[in-house]
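Single-structure report; data block below.
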Amino acid sequence: MQKAIDSHFHIWRQQDQPWLVGPMVPRIFGPYEPIRRDYPIEEFLADQQGSGVEKAVYVQTNWAKEDFEKEVAFLSDTAKASGWPHAIVGYADMTVDDVRPQIDRLVKYPLLRGVRMQLHWHETPAFRFAKSADQVIDPVVKKNVARLKDYGLSFDLQLFPAQMKDGLQLVGENPETDFILTHTGMLTDLAEPVVEEWKAGLRTLVKAPNLYAKLSGLGTFVHRNDPQVIGTVVDNAIEILGSDRLMFGSNFPIEKLWTTHAELIAAHRKAVARHGAKAEADIFWNTAERVYRPV
């Protein structure tokens with residue numbers, strides 16, 4: 001079995017997550033009552049046991065904005081105690097006048113590799129997170145993202161296809177920074193016009209050599225572990241971006257709403273295996289190892 005790095009997973013204590021404490025609201029992954037609870041590292045390790053995952057990258061989970069450092073500190077303490085995670089993507093608010101004071105507080109944690117601020121916006125209200133479709137090219141956001149190169153940090157970029165022209169502007173203006181496209185650009189369904197728009201978006205972003213993508217969250221909109229969806233995303237992403245720009249991510253425990261970790265990674269392994277050993281090594285290990293440098 002090809003060893004694997006899980007490039008996108010979460011753990012949490014419910015008390016730290018405003019969105020898990022208050023009433024449920026519409027979200028892109030649908031009803032989420034089963035995960036309105038603690039999800040500790042011990043449960044994640046049990047979920048992925050036997051999967052071939054040897055390292056994992058934690059990605060921020062929307063703590064209260066003022067608790068951005070507490071989140072990274074919590075994960076750092078977790079890593080010291082358990083050995084997991086092996087790299088951390090934290091949160092920093094790119095809408096403030098100067099993000100550097102926040103980054104200065106985060107970089108003292110050795111596992112920090114990058115930051116994510118979700119910028120996705122969709123015409124469907126339940127799919128929106130950013131305040132506007134063009135927040136990705138807001139002058140303040142752009143100014144702050146440009147500062148990441150001074151710290152050697154990456155940026156997890158979460159966009160829908162209609163935003164990818166703006167995304168290319170942001171990525172292209174920061175050639176020294178690695179950008180990782182979350183959930184491979186958020187394909188919402190397999191209707192032909194939707195797939196074609198998504199593929200066009202990937203073809204736009206491929207022009208930037210510092211753009212990578214995660215094969216993660218592929219059940220987000222269909223709310224199931226769907227081999228057809230996974231195959232469509234894997235096949236087209238490899239054709240357009242190349243396997244050396246792609247990495248696997250489980251998006252657990254969000255995907256636990258509808259599948260097991262074993263079923264999820266098995267579907268990804270089957271889809272990638274059609275493309276040969278190099279693609280398997282790239283997607284399940286090499287790309288994430290190069291981009292996130294897990295310890």
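One is the number of the first residue; the rest follow in order along the sequence. Keep in mind that what you see is a predicted model, and the values were worked out from it rather than measured. Excluded from the calculations below are hydrogen atoms, water molecules and symmetry mates; all remaining heavy atoms, backbone and side chain alike, are included.
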#### Entry: Rounded distance [0.5 Å steps], CG in Leu205 versus OG1 in Thr184
11.5 Å
### Query
Quick check, are the ring centers of Trp19 and Trp12 under 6.0 angstrom apart?
yes
### Thr124 side chain vs Ala126 backbone, donor-acceptor pair below 3.5 Å
no
### Task
Find out if a path of hydrophobic residues (ILVMFWY) with successive side-chain heavy-atom gaps under 4.5 Å connects Phe9 to Tyr212.
no
### Query
Should Phe129 and Trp121 be regarded as members of a common hydrophobic cluster, given that ILVMFWY residues are connected when their side-chain heavy atoms come within less than 4.5 Å of each other, either directly or indirectly?
no
### Query
Ion pair present between Lys278 and Asp244, side-chain N to carboxylate O less than 4.0 angstrom?
no
### Task
May I ask you to decide if Tyr292's main-chain N or O and Arg113's side chain share a donor-acceptor pair within less than 3.5 Å?
yes
### Pair Arg274 + Asp235: basic N to acidic O under 4.0 Å
yes
### Query
Does His223 reach the main-chain N or O of Gly219 with its side chain, forming a donor-acceptor pair under 3.5 Å?
no
### salt_bridge(Glu192, Lys199) N-O dist < 4.0 Å
no
### Query
Would you say the side-chain atoms of His122 pair up with the backbone N or O of Arg128, donor to acceptor, closer than 3.5 Å?
no
### Query
Okay, side chain of Gln14, backbone of Arg36: is any donor-acceptor separation there less than 3.5 Å?
yes
### Query
How long is the span from the CG atom in Asn225 to the NE2 atom in His261, to the nearest 0.5 Å?
11.0 Å
### Query
Residues two or more places apart in sequence or in another chain: which of them pass salt bridge (Lys or Arg N to Asp or Glu O under 4.0 Å) with Asp178?
none
### Message
For the CZ atom of Phe44 and the NZ atom of Lys256, what is their distance to the nearest 0.5 Å?
### Response
10.5 Å
#### Entry: Met164 with Leu215, same ILVMFWY side-chain cluster at under 4.5 Å
yes
### Any donor-acceptor N or O pair under 3.5 Å, side chains Asp166, Gln135
no
### Query
Salt bridge between Lys65 and Glu71, side-chain N to carboxylate O under 4.0 Å?
no
#### Entry: Shortest non-hydrogen contact from Asn210 toward Pro175
ND2-CA, 3.6 Å
### Message
Donor-acceptor check, side chain of Asp134 to backbone of Ile137, threshold 3.5 angstrom: yes or no?
### Response
no
### Message
If you define the side chain from C-beta out and look only at heavy atoms, does anything of Phe127 sit under 4.5 Å from Thr188?
### Response
yes
### Query
Where the side chain of Lys149 meets the backbone of Ala146, is there a donor-acceptor pair that is under 3.5 Å apart?
yes
#### Entry: Spatial distance of atom CD (Gln17) from atom CG (Asp38) [nearest 0.5 Å]
9.5 Å
### Message
Is there a ring-ring contact (aromatic ring centres under 6.0 Å, His included) between Phe284 and Phe248? Walk through the geometry before answering.
### Response
CA-CA 6 Å; Phe284 290 105; Phe248 164 76; 5.6 Å; yes
### Query
Would you find a donor on one side and an acceptor on the other, under 3.5 Å apart, between the side chain of Arg37 and the backbone of Pro34?
yes
### Task
Check whether the side chains of Gln2 and Arg269 place a donor and an acceptor atom closer than 3.5 Å, and report yes or no.
no
### Task
May I ask you to decide if Met94's main-chain N or O and Asn144's side chain share a donor-acceptor pair within less than 3.5 Å?
yes
### Task
Please answer: with hydrophobic residues joined when any side-chain heavy atoms are less than 4.5 Å apart, are Val295 and Trp285 in the same cluster?
no
#### Entry: Arg245 and its side chain to side chain contact (heavy atoms under 4.5 Å, CB included) partner, picked from Ile283, Thr287, Leu181, Val206
Val206
#### Entry: Non-hydrogen side-chain atoms of Asn236 and Leu241 separated by less than 4.5 Å
no
#### Entry: Electrostatic pair Lys108:Glu69 at N-O distance under 4.0 angstrom
yes
#### Entry: Charged N-O contact under 4.0 Å between Asp156 and Lys214
yes
### Message
Surrounding CD of Glu66 (heavy atoms of other residues, nucleotides or ligands, distance under 6.0 Å), is the total greater than 12?
### Response
yes
### Query
Should Phe68 and Val107 be counted in the same cluster of Ile, Leu, Val, Met, Phe, Trp and Tyr side chains packed under 4.5 Å apart?
yes
### Summary
Separation between OG (Ser154) and CG (Leu148), nearest 0.5 Å, reads 8.0 Å
### Query
Are Arg147 and Asp150 close enough for a salt bridge, meaning some N to O gap below 4.0 Å?
no
### Thr259 and Glu263: side chain donor to acceptor below 3.5 Å
yes
#### Entry: Ring geometry between Phe160 and Phe221 (parallel below 30°, tilted from 30 to 60°, perpendicular above 60°)
tilted
### Message
Rounded at 0.5 Å granularity, tell me how far OG1 in Thr182 sits from CG in Leu157.
### Response
7.0 Å
### Query
Is it the case that more than 12 heavy atoms not belonging to Lys142 sit under 6.0 Å from its NZ atom?
yes
### Task
Quick one: closest heavy-atom pair of Val59 and His10, and the distance?
O-ND1, 2.8 Å
### Message
Any side-chain to backbone donor/acceptor pair from His183 onto Ser216? Under 3.5 Å, distance only.
### Response
yes
#### Entry: Within 6.0 angstrom of Asp97 CG, more than 12 heavy atoms from elsewhere
no
### Task
Report the relative orientation of the aromatic rings in Trp63 and Phe74; use parallel for angles under 30°, tilted for 30 to 60°, perpendicular for over 60°.
tilted
### Charged N-O contact under 4.0 Å between Lys70 and Asp16
no
